[in-house]
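Before I ask anything, let me first share the structure, which is written out below as structure tokens.
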Amino acid sequence: MSIQSIDVKYTAVATAENGRDGRVASDDGQLDFVVNPPKELGGSGAGTNPEQLFAAGYSACFQSALGVVARKEKADISGSTVTARVSVGANGEGGFGLKVALEAHIPNVDEATAKDLLEKAHQVCPYSNATRGNIEVGLDVV
């Protein structure tokens with residue numbers, strides 16, 4: 001479901017030059033990266049790449065969604081971490097696609113509670129909502 005224009009709270013702006021082999025920067029100067037394809041895709045691997053940036057954003061966003069859910073459920077997620085593994089590969093239709101594995105370590109709850117929190121966070125997280133039905137996203141407790 002998309003948001004209404006009036007509901008927008010913040011808009012991030014970034015500009016790329018030369019695609020995967022160039023530079024990307026935010027309009028406020030907080031981000032300014034050289035981007036290069038990873039060696040696995042024939043690049044130099046000298047800079048970051050879009051998949052790493054997506055993984056960083058998704059893991060941070062999902063960790064925040066986990067916090068929202070944990071507060072509602074009165075669950076202790078202190079010391080928790082979320083790792084996003086973003087994979088890129090051929091989609092079988094002549095293009096490329098992504099898949100994501102989200103791995104959460106939540107030391108202060110049992111495994112069943114952790115899984116429940118992950119499922120609920122997956123419903124709250126804007127990245128999860130944006131990708132739902134478009135790419136495979138796996139949820140794992142580690």
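This is a predicted model, so every value here is computed, not measured. Here, residue 1 is the first one in the sequence, and each next residue gets the next number. The basis for the numbers below is simple: all heavy atoms, side chains too, and nothing from hydrogens, waters or symmetry mates.
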| message | Would you say that Val100 contacts Tyr58 through its side chain, given a criterion of any heavy-atom pair below 4.5 Å between the two side chains? | response | yes
* To do: In sequence, state the C-alpha distance, the side-chain angles, and the governing distance for Thr131 and Phe54, and then conclude on side-chain contact (heavy atoms from CB on, under 4.5 Å).
  => CA-CA 12 Å; Thr131 59; Phe54 187 71; 4.0 Å; yes
Residues passing the side-chain hydrogen bond (donor to acceptor under 3.5 Å, both in side chains) test with Gln30, sequence neighbours excluded, are none
- prompt: Do Val24 and Val88 share a hydrophobic cluster (ILVMFWY, side-chain heavy atoms under 4.5 Å, transitive)?
  reply: no
So the salt bridge (Lys or Arg N to Asp or Glu O under 4.0 Å) pairs with at least one residue in residues 79-90 (sequence neighbours excluded) are Arg85-Glu103
Open item on the list: Using side-chain heavy atoms (C-beta onward) and a distance below 4.5 Å, is Phe62 in contact with Leu118?
Closed with: yes
**Request:** Ignoring hydrogens and angles, tell me if any N or O in the side chain of Gln52 forms a donor-acceptor pair with the backbone of Asn49 under 3.5 Å.
**Result:**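 Present.
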Applied to residues 50-75, the salt bridge (Lys or Arg N to Asp or Glu O under 4.0 Å) test, sequence neighbours excluded, yields Arg20-Glu51, Glu73-Lys120
* Asked: For Asp32, what residues pass the salt bridge (Lys or Arg N to Asp or Glu O under 4.0 Å) criterion, not counting sequence neighbours?
  ->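 So Asp32 forms a salt bridge (Lys or Arg N to Asp or Glu O under 4.0 Å) with Arg23.
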**OP:** Establish whether Val35 and Leu31 are linked, either directly or via other cluster members, by ILVMFWY side-chain heavy-atom contacts under 4.5 Å.
**Re:** yes
Quiz prompt | Test item: Val69 and Gln123 side chains (from C-beta on) under 4.5 Å apart, heavy atoms | solution =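 In short, these two side chains do not touch, never coming nearer than 4.5 Å.
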In terms of heavy-atom contacts, Ser26 and Asp28 come closest through OG-OD1, 2.6 Å
Please collect all side chain to side chain donor-acceptor pair (under 3.5 Å) contacts where either partner lies in residues 36-46, sequence neighbours excluded, each pair once.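 Only Asp21-Asn36 qualify under side chain to side chain donor-acceptor pair (under 3.5 Å).
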Report task. Search all heavy atoms of Ala70 against all heavy atoms of Leu117 and return the closest pair with its distance. Result ->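 Looks like CA-CD2, 4.2 Å.
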Close side-chain approach of Ile106 to Leu66, heavy-atom, < 4.5 Å:
yes
Check residues 132-142 and write down every donor-acceptor pair under 3.5 Å in which the side-chain atom is one partner and the other belongs to a residue at least two apart or another chain.
unit_1	atom_1	unit_2	atom_2	d
Arg132	NH1	Asn129	OD1	2.5
Arg132	NH2	His122	O	2.5
Asn134	ND2	Ala130	O	3.1

**OP:** Before accepting this row, confirm whether a basic side-chain N of the pair Glu111/Lys115 lies closer than 4.0 Å to the acidic partner's carboxylate O.
**Re:**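 Looking at Lys115 together with Glu111, the answer is yes, because their closest N to O distance falls below 4.0 Å.
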Smallest heavy-atom separation, Ala65 atom then Ala121 atom, equals CB-O, 3.8 Å
Transitive ILVMFWY side-chain link Phe96 to Val86, under 4.5 Å
yes
Is there a side-chain contact between Asp27 and Thr15, using heavy atoms and a 4.5 Å cut-off?
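Not in contact.
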